[in-house]
Structure formats: structure tokens, C-alpha cells
Engineer: 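I'd like to ask some things about the structure below.
All chains are named by letter (A, B, ...) in the order of the sequence lines, taking the proteins before the strands, and each is independently numbered beginning at 1. A quick note: this is a predicted structure, and the numbers were derived from the prediction, not measured.
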Amino acid sequence: MSQQILNEQEVIRRESLTKLRELGIEPYPAALFPVDALAKDIKQTYADGLQQRDILINELLEGKRVNVVLAGRLMSRRIMGKASFAELQDSSGRIQIYLNRDEICLGEDKELYNTVFKKLLDIGDFIGIKGYVFVTQVGEISVHVEEMTVLAKSLRPLPVVKKDEDGNVYDAFADTELRYRMRYVDLVVNEQVRETFLKRTKLMNTMRQFFNDHGYLEVETPVLQSIPGGAAARPFITHHNALDIPLYLRIANELYLKRLIVGGFDGVYEFSKNFRNEGMDRTHNPEFTVMEIYVAYKDYNWMMAFTEQMLEKIATELHGTTQVPFGDTTLNYAAPYPRVTMYEAIERFTGVDISSMDEAQLRVTCRQQGVEVDETMGRGKLIDELFGAKCEGNFIQPTFITDFPVEMSPLCKKHRTNPQLAERFELMVNGKEVANAYSELNDPIDQRERFLEQMRLADRGDDEAMTIDHDFLRALEYGMPPTSGLGIGIDRLTMFMTNQNTIQEVLFFPQMRPEKA
RNA sequence: GAUUUCGUAGCUCAGCUGGUAGAGCAGUACACUUUUAAUGUACGGGCCCUGGGUUCGAAUCCCAGCGAAAUCACCA
């Protein structure tokens, strides 16, 4: 236990805590509080009535009294002697509450108002209120408090963010370091942050619903793997004591989902937290979420149509339209999206047709285009570099890039008409990859050969080549139906769907260096 | 990993070419029974990120470290 050095405000809050107890008020009561309303619902219910204010006021104040029980944090107070206004914030938002000394303290004892509310409560404290809905003279829907209960004392001062009537924000809690390290504070104080994360969940729910409606099965596969397969990346390594073996946190779940297709499921999907021990930046976090789905008897053409339908649905669920603002532009997720082959893309942005070039010619072309290459790079890698440097960033609106070099796609079926290519597509949005999909390679002999090719690349110096998973090959030898698989970077998609340009803004707890030295 | 920028009150920020710390909000006290960035008066609150150095004197200049952000590199 480290001794805490308390600042002035923290000391005062702790003193208030003690005083509450001395008054016989438990600041952390055990009993439930019977909440029956949310701030947002109350405001929405009467928003229409507000336009005919007189009618509403009459209804509420005379005829139909609407009793509500609310709980939340006290977020501001405007005390005017014997009456006060305050703002209560619950999970749905804020609503103004009105307290009158003689109404919450019916007898001679005015302590609950004078001492508890005015002195001992602070911004950030949880309180519960019982009262009725009314509209103030200036027309704000509020709750007239008749009973007030302390639910939980807050011992640290929250940042106070103010907004004027035009919606301008003052003194926003904006320090990224503090916001990410104390996301709980960020969420309390910054409404847009809460909105972003609500959208993230809605996005995943929509996706899940879409898959379930198609009859596909949500599954779970191992996070701890003895062979980190399905992608090429440096893994996190751990150790299992009882078995005395190294284990790796998964870098992908692809090979396990395919085993389940071998096992007879028609469609399986998983929201997979993956881990990669690599650099961190605005679009990379060491742990991140990928949704992978595999569907039997389909190919990558089917998967393109499936993908664009799903994204159209997601955009509509989140925004009510397929037009989604992002930075200076608007992304339109209405299906269908253009299909552009990788060769076409390169020709479009470099003017060079590389479709029949060999490795040496490609290397020359790359250098002519100002793309740095070295001798370890094979044909596939060279094409990938060229695409990455010259083309990728140009695809702002959702676009499928198809038919990648086979060397870069060791788990993907060869193209049905051109064995140098793979039946693969990536979905580009805003110049970035958000999805990757194949007609999955189900020929076990070809698959073994591809793994061996990966090993040769590794020997040649490519440190990203994949390792062989013999059990996976065994599974394929038992037979896997033709299958198409899709992986979607959930964090990135969320970024594009919520107009955020860093991954940290769509992860509740992005990786940070530990505090303190 | 490289470069640049930043680190001052609970929060948001000033603090010039070195002279010993400021504002707004928040807090405390008083007033105020329909306010809404409530208002009025008064008051308190700082290891100026850490450690060295230069100097009579460092929040300020120099070096190193720690942390963060941006750009680049890396990461299919």
C-alpha cells in the first residue's frame, strides 16, 4: 500500500464522508435503489410536448403527475439559497433536477438540504432521487425532487466540462494521456466518447445479428496456441507450467475456424482478440479485435457481395444512412462496391502493366517508381510493396481489391484462371485495409507446398513467413469443403464508422506504458 | 527505432530575452426559492515531470532520464 498524498479537495471530500456518517447517512449504502426512469427517456417523451409548452405544463403540473425514480452522478449545482438546480447524469445522459429546501425537508429539520445537499455532496457523487417531471419557466424538462438518497460518495474531483447554450465546450478534459489512462473519467465527462463506444458495440451486435440471421454459428477457439498460426507476425510468448511448454497468444484464429469447417459446420465465426508483439501507432495496438467468418461451399465472389451487404447494414444501423462522415469526406457504404484487381490498380496509378513481368523486371519497375526494394523480396512481395506505395492510399470509398499474388497468400486458393494469383480480396476504405478474404485453400497437398515455400522465404530472410501447423494439414487431408473466409478488423472498421482517426479512440483501454517509474 | 513538440493548481491553460507563480472553472465561507457556462463578495490551493549542470539567482537556458502526442520507418 502506497501512502496517498491528498490534495485539498480530496481532503475535504473525505471529511464530508465522515460527516455524512456522523449524521447517520451511509455514503455507500448496500440496498438497491429502485430506479424506474432514464434521463434521456424523460426528455424524449416530453420533447414533442415542449413545442406546445403551455399544454404540457398544464398537463404535468395539474392533471397527470409523472413520478420518476432516477439515479446517477451529480454533475453540476446551482444553489440559490433555499432552492437549487442541479444536473444528474445517468447512463443515458443528463437531466436537470430541482430541489427545494422545504419540499425535501418536510419538518423543522432542514439538514438534508442545508448540510447534506449544500455542504457534503460534491460533483461526481451518486445520488438517487424520487420526484416528478416538470418544465421550468424557461422550458427545460426537469425533475422536481421530493426525496434524495446518497448512493455513493466520490472522493476525487472530476474535471468540470462546461458547455454554453451554443454547444461550445469549455475546459474540455482533453489530455490524451489522462483520458486513456483514466478512461472511466473520460467516459463520465466526455459524452462523445461514450457515443463512440456505444457505436462500437452496436456495430458488433449488428454484425452478429447479420451472421446469425444467415444461420452461422458463433464459436470460441483457443487464445493460447502451441503454434501461432494463421498469419505472419511476432507473437507474445508465455509458458504453461504444468505442461512445461511454451504457449503463444494467438496472432489469428483462422486455422482453428477452418478445422471447424472440416468438422462439418457450414458457417462459423468468432470475434477474436488477437495479439501481436509489434510496433504501436495510430492504427496498431498490441491486442486488437478481428472478426473472422468461414462459410462452406462459397467462394470469394460470394463473400464480396456478403461483405458489402453487411457493411451497408451496419452503416444504416449506426447512422440511419449509408453516408458516413469521415474527416473531410463522406464514406458511402451503399452496396455494391467497385472491384479492382491488383494488376489493374497498379496500372491505374503507375501506368505500368506488370501482369506478365518476372521478378527481375518487377524489381526494376519498383525502383523506377521510387519504391525501395531489396534482394530478399520475391515477386509477390515486390507487387505488394508497389501496391502499398502507389495505390493503397488512393482508395477512399469502399473498394474491393482482388486477385493478389499467390506468394503473399499462403492460405488462399490459387485463382481459377491464373495460377500466379490467389482468389483473395481486401476491402479498402479510406486508403486502409479493413477486410481480407479468400476462397480458402482446401487442397492439402498444395497447402503443404505453400507452407514449405513460406519456409524457403523465411530462410531467404523474410522474418514474417508462417510456421507449419501439421495438425492443420492433417485436418485438410480429411477434407475441407470449398470455403470462403473473411476477416474484418473491428477496431479499424469502428474507426471509420465513428469518424475517429486513432485506434486508441475506439479501444476502451489502449496499451500504454505503465505509470510511475 | 528516428525526428519534432509538449509536461506549471483537481481540470483547461498563461507565464517574453533568467529575478523566486498567474487566470478561468472546480474548492472553502457568506448571500440568494425557477437557475442553466447561474450570480455577487471574500478566501485557500503548486516537489512548475525527475535528476544533473550553467548562474549571485532557473518554471524559464543546457544535458540526461521518464511519460505523452504528431510525422516517418517498421508491421502483408
Engineer: Please indicate yes or no: is the ring centre of A/Y170 less than 5.5 Å from the centre of the six-membered base ring of B/A37, with the two planes inclined by under 30 degrees?
Structural biologist: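 Ring-base stacking flag set for A/Y170 and B/A37.
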Engineer: Whether A/K432 contacts B/C75 is assessed here as follows: a side-chain N or O lying under 4.0 Å from the phosphate OP1 or OP2. Is that the case?
Structural biologist: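 No.
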Engineer: In Watson-Crick or G-U wobble terms, both distances under 3.5 Å, what is the partner of B/G67?
Structural biologist: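 The answer is B/C6, by the H-bond criterion.
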Engineer: Is A/R179 paired with A/E505 through a side-chain N to carboxylate O contact shorter than 4.0 Å?
Structural biologist: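 So A/E505 pairs with A/R179 through a salt bridge.
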Engineer: Here's a test of your reading of the structure: between A/G81 and A/E8, which maps to the more 5' nucleotide of RNA chain B?
Structural biologist: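 On the 5' side of the pair lies A/G81.
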Engineer: Salt bridge or not for A/K153 and A/D122, using N-O below 4.0 Å?
Structural biologist: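 Salt bridge between A/K153 and A/D122, a charged N being under 4.0 Å from a carboxylate O: yes.
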Engineer: B/G10 base to A/N7 side chain: any donor-acceptor pair below 3.5 Å?
Structural biologist: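 There is none.
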Engineer: With nearest nucleotides of RNA chain B determined for A/R101 and A/S16 from heavy-atom distances, which residue corresponds to the more 5′ nucleotide?
Structural biologist: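 This one resolves to A/S16.
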Engineer: Would you tell me if any nitrogen or oxygen in the side chain of A/K162 comes within less than 4.0 Å of OP1 or OP2 on B/A37?
Structural biologist: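 It does not, given that no N or O in the side chain of A/K162 lies less than 4.0 Å from OP1 or OP2 of B/A37.
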Engineer: Tell me whether the centres of the aromatic rings in A/Y343 and A/F404 are closer together than 6.0 Å.
Structural biologist: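 A/Y343 vs A/F404: aromatic centres not under 6.0 Å.
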Engineer: For B/U35, does the base pair up with any side-chain atom of A/Q96 as donor and acceptor (N or O, under 3.5 Å, distance only)?
Structural biologist: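 Answer yes: a donor N or O sits under 3.5 Å from an acceptor.
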Engineer: Under the side chain to side chain contact (heavy atoms under 4.5 Å, CB included) rule, what do A/I97 and A/V145 come out as? Steps first, then yes or no, please.
Structural biologist: CA-CA 7 Å; A/I97 60 176; A/V145 177; 3.8 Å; yes
